[in-house]
Amino acid sequence: MFCGNCGNQMTETERFCGKCGWRNPLVGSTAPAQAETTEAPARPVTATPVQPQMPAPGVPAEKKVSGKKPPMGLLIGIGVAVLAVILLLVFLLTSATVKNWFKKTFSEPEEYYQWVEGNAAEEAVSNVTTIYNDYIRESLKIYDTSVSVEASAKLEEAGMDMLSLAGMAGIDLSWLDSVSFAADVSVKDNKLSVDLQETELLHIAGILDIAEENAYLQLPDLNPMYMLAEVSDTEEAVELFDLLKVLYEAAPDKKLTEKLLNRYTQLALSCIDDVDMSEKTIRAEGVSQDCVELEVTIDEKTLADMAELVLETMEEDEDIREWVLETFAAIEESDFDMDLDMDAEEFYENLQEEIEYALDEAEYISDYDMEFVMLVYVDSKGNICGRALEQDGQSVEVLMTHDGSSFGFTASCEMDEERIEFAGSGKDSGGKLTGEFEVAYNGMGLVEIAVEKFDTDKAKAGQLQGTFTIAPSSSLIRAMELSSFASVIGEMSVKMEADSDANSVELVCSVMQEEEKWGTVTLALSRDSGKTVKLPADKNVVEVEDFEDFEEWYETADWEGYIRKLVKAEVDDEITDMLEDISEMDAKDIIGYLFGYSAAPAPEEYYYEY
């Protein structure tokens with residue numbers, strides 16, 4: 001036989017070609033079995049030059065097999081091309097601009113409107129349910145919450161001068177150049193704790209044990225001992241907390257609320273079938289934008305169809321049924337007595353009857369003659385950039401146009417020939433707006449607002465972040481030019497820096513006259529779960545049952561230490577002198593002094609009368 005690669009002659013039992021290394025396919029696992037032979041003794045082999053052998057006459061030459069593989073560069077190129085095609089398809093299918101173009105081009109106007117409005121509604125529902133969950137629903141948990149507040153005020157020299165002009169001349173207010181205040185309030189396990197502290201002047205701590213009807217009061221600067229007094233009528237507070245627990249557990253969570261709102265919003269939109277579509281350029285505060293105008297007409301028949309579809313779906317909605325039954329069960333299991341005279345199934349049946357009644361009434365909607373037209377403006381990505389609604393001479397319009405990073409905004413409401421407008425323009429950097437706005441009434445500006453880095457995404461979640469400077473409008477100042485206050489008001493402004501999230505807010509407000517600052521107020525507030533309230537040990541408590549008990553607490557107060565603290569804080573001498581006079585009075589005299597008596601009543605008389 002001959003080598004299938006180079007043509008070299010070789011035996012059928014040779015595994016490889018001795019010249020090129022070609023493997024003989026006849027030798028191996030698939031080769032036919034060979035008969036056993038007796039090997040002859042080995043003989044010396046003399047090396048001779050290997051000459052190319054030609055096939056024997058009449059025997060066709062075997063075709064040479066090439067062992068070369070495709071070039072690596074070609075394989076990489078094909079892979080890159082396939083990947084590029086896949087990425088292009090993904091981009092085309094997910095690009096907002098492309099999706100909007102396909103939807104606009106190949107859909108009927110009403111289908112396109114339902115798609116656009118449906119997307120906007122989903123975003124709005126998400127924002128609304130976030131606000132509902134973070135603020136409304138969580139506000140029910142006052143029975144297990146804590147709030148911390150820190151506030152401070154600093155008066156500058158210009159502010160001091162203004163207080164003097166306001167009638168406080170002659171009073172030393174220098175100690176008020178910087179005042180701070182802190183408060184911590186916590187409610188947990190039917191106990192309320194309050195801690196109020198002005199850093200240098202006063203500290204008050206109080207605890208209300210609602211279940212046991214006991215109140216504790218401490219003035220640490222005067223006396224480390226707590227005063228304990230019994231209080232009454234706390235049962236109502238306990239019942240209120242029980243009711244709030246029930247309401248919190250019964251209130252639908254964000255997931256269910258969002259699911260239901262989206263479901264019924266989409267159902268209502270599916271009933272709108274009178275829509276005209278055209279191309280239009282809208283303009284707001286000098287910024288123009290090309291968009292699609294959708295003219296949506298809603299009449300009495302459309303409203304009737306909406307009501308019937310929504311109510312019929314509610315009748316069969318298992319999510320609503322499950323929520324109602326779970327809510328009713330939570331109420332029954334709670335400690336709050338609501339005097340229910342029916343079980344969960346009966347309550348749900350009553351709800352079904354109310355829906356049936358509403359369905360009967362919905363039939364009469366179509367008897368009324370009503371129609372209103374709404375204009376909806378849609379940008380190239382399918383986002384709504386404006387709306388306009390006019391009905392019986394009353395109109396509302398909101399436009400938000402973009403040209404690159406520049407934006408224009410206007411929101412106006414006109415009724416009974418009176419018009420209120422809020423408008424402005426500026427730059428939009430990744431959802432953070434910086435620009436100038438004005439509030440106007442019947443064409444006359446009232447207030448100008450300069451905005452810096454206003455976070456629109458946070459605003460949708462009910463939070464505030466940015467810097468806002470508020471000043472009277474120049475047109476308002478011109479209208480007041482005959483007033484003696486016009487020049488002063490025209491120079492005034494209030495600057496507010498805000499930063500908030502779902503559980504905290506920080507505000508810094510400064511009052512300015514041109515570039516001169518009068519003063520600054522700072523406020524920081526945070527919310528968290530309730531903190532465990534520890535009652536004071538018995539050894540640190542004076543139980544006040546009558547006037548003598550109060551007198552015992554009063555006589556151990558450290559007035560001198562407290563007055564020294566106030567002097568160190570440079571409090572006005574008139575205040576410290578008054579406290580020194582009070583410190584020299586006994587308990588009966590101080591009660592009479594505080595309540596306006598020239599002489600205090602006898603202890604027994606005071607206790608029973610007051």
Side-chain angles (χ1 to χ4, degrees), residues 146-153 175-176 178-188 190-210 212-232 234 237 530-597 600-601 603 606-607 609-610:
S146 63
V147 177
S148 296
V149 180
E150 293 182 5
S152 64
W175 62 283
L176 278 174
S178 181
V179 177
S180 60
F181 170 81
D184 288 294
V185 180
S186 182
V187 181
K188 191 177 183 67
N190 285 332
K191 294 183 179 66
L192 166 68
S193 69
V194 179
D195 192 278
L196 309 176
Q197 184 171 0
E198 200 292 320
T199 306
E200 297 178 332
L201 300 180
L202 183 63
H203 184 188
I204 301 174
I207 299 173
L208 177 60
D209 189 345
I210 300 173
E212 298 298 327
E213 298 187 337
N214 288 328
Y216 300 81
L217 178 65
Q218 182 193 44
L219 302 176
D221 296 318
L222 276 175
N223 196 330
M225 300 293 288
Y226 283 86
M227 288 185 287
L228 169 61
E230 292 185 1
V231 293
S232 59
T234 61
K531 302 174 184 176
T532 300
V533 179
K534 294 183 179 180
L535 300 178
D538 291 342
K539 64 180 181 179
N540 297 324
V541 175
V542 174
E543 187 173 356
V544 180
E545 294 183 346
D546 52 30
F547 187 83
E548 283 76 10
D549 295 330
F550 171 75
E551 190 173 23
E552 176 187 346
W553 179 92
Y554 182 84
E555 295 299 334
T556 58
D558 183 13
W559 286 98
E560 292 183 0
Y562 182 51
I563 292 172
R564 284 196 302 269
K565 179 180 179 179
L566 298 183
V567 171
K568 185 178 180 180
E570 299 181 351
V571 174
D572 184 39
D573 292 342
E574 293 184 7
I575 295 177
T576 55
D577 291 343
M578 179 186 68
L579 291 176
E580 286 180 356
D581 293 339
I582 292 175
S583 67
E584 296 174 358
M585 303 167 66
D586 59 24
K588 291 181 291 184
D589 293 334
I590 190 63
I591 292 297
Y593 176 79
L594 292 175
F595 285 89
Y597 293 100
Y606 175 80
Y607 178 72
E609 186 175 353
Y610 297 97

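Starting from 1, each residue takes its place in the sequence as its number.
At distances below 3.5 Å, at least one donor-acceptor pair connects side-chain atoms of D546 with backbone N or O atoms of D549. Using modelled atom types, one side-chain atom of N223 and one backbone atom of W553 make a donor-acceptor pair closer than 3.5 Å. Listed for the D221 side chain is a donor-acceptor partner under 3.5 Å among the backbone atoms of H203.
A heavy-atom distance below 4.5 Å is not found between the side chains of L228 and P536. Counting only heavy atoms from C-beta outward, the side chains of L196 and F181 approach each other to under 4.5 Å. Inter-residue side-chain proximity for V185 and L192 is flagged as met; some heavy-atom pair is nearer than 4.5 Å.
Within a 6.0 Å sphere centred on CD of E580, other residues, nucleotides and ligands contribute more than 12 heavy atoms. Environment of CG in D581: crowded, with over 12 heavy atoms of neighbouring residues, nucleotides or ligands closer than 6.0 Å. Around NZ of K188, the count of heavy atoms belonging to other residues, nucleotides or ligands within 6.0 Å exceeds 12.
In this structure, CG in L202 is found 7.0 Å from CG in L219, a value given to the nearest 0.5 Å. One distance of note links CD of E551 with CD of E548; it measures 6.5 Å at 0.5 Å rounding. Between the CD atom in E213 and the CG atom in L208 there is a gap of 9.5 Å [rounded to 0.5 Å]. Going from atom NZ of K191 over to atom NZ of K534 covers 12.5 Å, rounded to the nearest 0.5 Å. Taking CG from N540 and OH from Y216, the interatomic distance works out to 11.5 Å, rounded to the nearest 0.5 Å. Rounding to the nearest 0.5 angstrom, the gap separating the CZ atom in F550 from the CD atom in E555 is 9.5 Å.
Taking every heavy atom of both residues into account, V541 and M225 meet most closely at N-CE, 3.6 Å. Considering every non-hydrogen atom in both N214 and V231, the closest pair reads N-CG2, 4.0 Å. Minimum heavy-atom separation, T576 to L566: CG2-CB, 3.9 Å. Among all heavy-atom pairs drawn from V533 and S186, the shortest one is CG2-O, 4.3 Å.
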